[in-house]
Amino acid sequence: MALLVHACCAECLLGPLDGLRERGLVAYFYNPNIHPLIEFRRRLKAFRLLADCEGIETVCDEQYGLDAFLDTVDRRAARRCEQCYRMRLLRTAELARRRGDEAFTTTLLVSRHQQHDVVRRVGEEVADAVGVPFAYFDWRHLAEPAHEEARRRNLYRQQYCGCIFSEYQRYKDTGLHVYRGQGHDSDQCPDVRPG
Ligand code: SF4
């Protein structure tokens, strides 16, 4: 019997990895909340790299889920993140039921940036609805060691939670890629056509 672990990203999976192996870890990548496409590919690639290196059994949903996310999550809702957690945990629980797994859990319980108590409550509600136990862990103390280990391995580390709304919140008050020129001479312009 396996423990099906929804993996939000490679870095968070690194935190509890050793303990999870003893419980029959199968890691499930299902994250339609990651935008845009290239960011989704980066995180999926990091997850696959880690899984290959560590010999982790995986189930991977490689489909870019922007449409599904926008159809499910109300961007205006104060509880947008709760809807996002529910979307991912519901799919995880349903997969666990089909596979006959012992229980399911999520590496969202590692991050200090997530709403930990909401993740826990949603996990328990989904467990009741689907009929597969939710294995709750408080892994927040593992966030920093996971971050350091990801850095040591040169594993891709994302700069924002995932959705386009969180990307905006992350960068809106920064000067990243802001052009501060004072006008230009067209003869000096670089050729910016796609290569
Ligand atoms: S901020 Fe993160 S948890 Fe909240 S909706 Fe966006 S991707 Fe989901």
Side-chain angles (χ1 to χ4, degrees), residues 4-16 27-48 50-51 58-96 104-130 134-144 146-147 150-151 155-174 176-177:
L4 187 65
V5 179
H6 164 258
C8 59
C9 64
E11 180 177 318
C12 286
L13 182 57
L14 267 172
Y28 179 38
F29 189 93
Y30 171 65
N31 295 295
N33 59 307
I34 300 172
H35 320 136
L37 176 61
I38 296 305
E39 180 70 14
F40 176 77
R41 287 180 180 167
R42 284 192 185 110
R43 298 192 201 184
L44 175 59
K45 183 177 173 183
F47 172 78
R48 284 211 168 285
L50 177 65
T58 64
V59 181
C60 238
D61 189 331
E62 300 199 357
Q63 189 165 347
Y64 179 52
L66 178 61
D67 284 343
F69 179 84
L70 294 177
D71 285 348
T72 306
V73 174
D74 180 355
R75 70 176 174 84
R76 290 167 292 260
R79 295 163 69 193
R80 187 179 72 216
C81 295
E82 179 175 337
Q83 294 172 336
C84 177
Y85 300 149
R86 192 175 302 278
M87 180 184 193
R88 290 183 278 170
L89 294 184
L90 184 59
R91 179 72 72 95
T92 306
E94 288 171 345
L95 178 61
F104 72 99
T105 190
T106 175
T107 59
L108 289 165
L109 295 167
V110 173
S111 173
R112 294 182 184 277
H113 300 293
Q114 301 298 338
Q115 298 171 35
H116 189 89
D117 293 340
V118 177
V119 174
R120 179 180 189 173
R121 174 171 54 77
V122 169
E124 290 168 352
E125 288 171 1
V126 165
D128 285 346
V130 175
F134 175 65
Y136 169 73
F137 304 92
D138 188 348
W139 282 324
R140 285 173 287 186
H141 63 290
L142 298 174
E144 192 53 37
H147 186 71
R151 185 197 300 271
L155 206 58
Y156 178 68
R157 284 163 292 132
Q158 62 264 20
Q159 299 299 308
Y160 58 94
C161 185
C163 64
I164 50 178
F165 311 113
S166 62
E167 192 256 12
Y168 174 69
Q169 289 299 326
R170 169 65 181 81
Y171 293 116
K172 68 183 174 63
D173 296 325
T174 75
L176 195 66
H177 291 301

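Both ligands and their constituent atoms are indexed starting at 1 by order of listing. For the single chain, residues carry numbers from 1 onward in sequence order.
Closest to atom 4 (Fe) of ligand 1 among all protein heavy atoms lies Cys81 SG, 2.4 Å. Shortest contact from atom 8 (Fe) of ligand 1 to any protein heavy atom: Cys84 SG, 2.5 Å.
Taking the centre of each ring, Tyr136 and His116 come in below the 6.0 Å mark. Checked against the 6.0 Å centroid threshold, Tyr171 and His177 do not count as a close aromatic pair.
A salt bridge is absent between Arg121 and Glu124; no separation between the charged side-chain nitrogens and carboxylate oxygens falls under 4.0 Å. Salt bridge annotation for Glu125-Arg86: present, with a cationic side-chain nitrogen under 4.0 angstrom from a carboxylate oxygen.
Within the listing of ligand 1, atoms 1 (S), 2 (Fe), 3 (S), 7 (S) sit less than 4.0 angstrom from a heavy atom of Cys161.
The shell of residues lying under 4.0 angstrom from ligand 1, judged by heavy atoms, includes Tyr85.
Here Cys163 fails the criterion, with no N, O or S atom under 2.8 Å of atom 4 (Fe) of ligand 1.
Here Ser166 has side-chain heavy atoms under 4.0 Å from ligand 1, and that is the only part of it that gets that close.
The closest donor-acceptor contact from the side chain of Gln159 to the backbone of Arg170 lies at 3.5 Å or more, if one exists at all.
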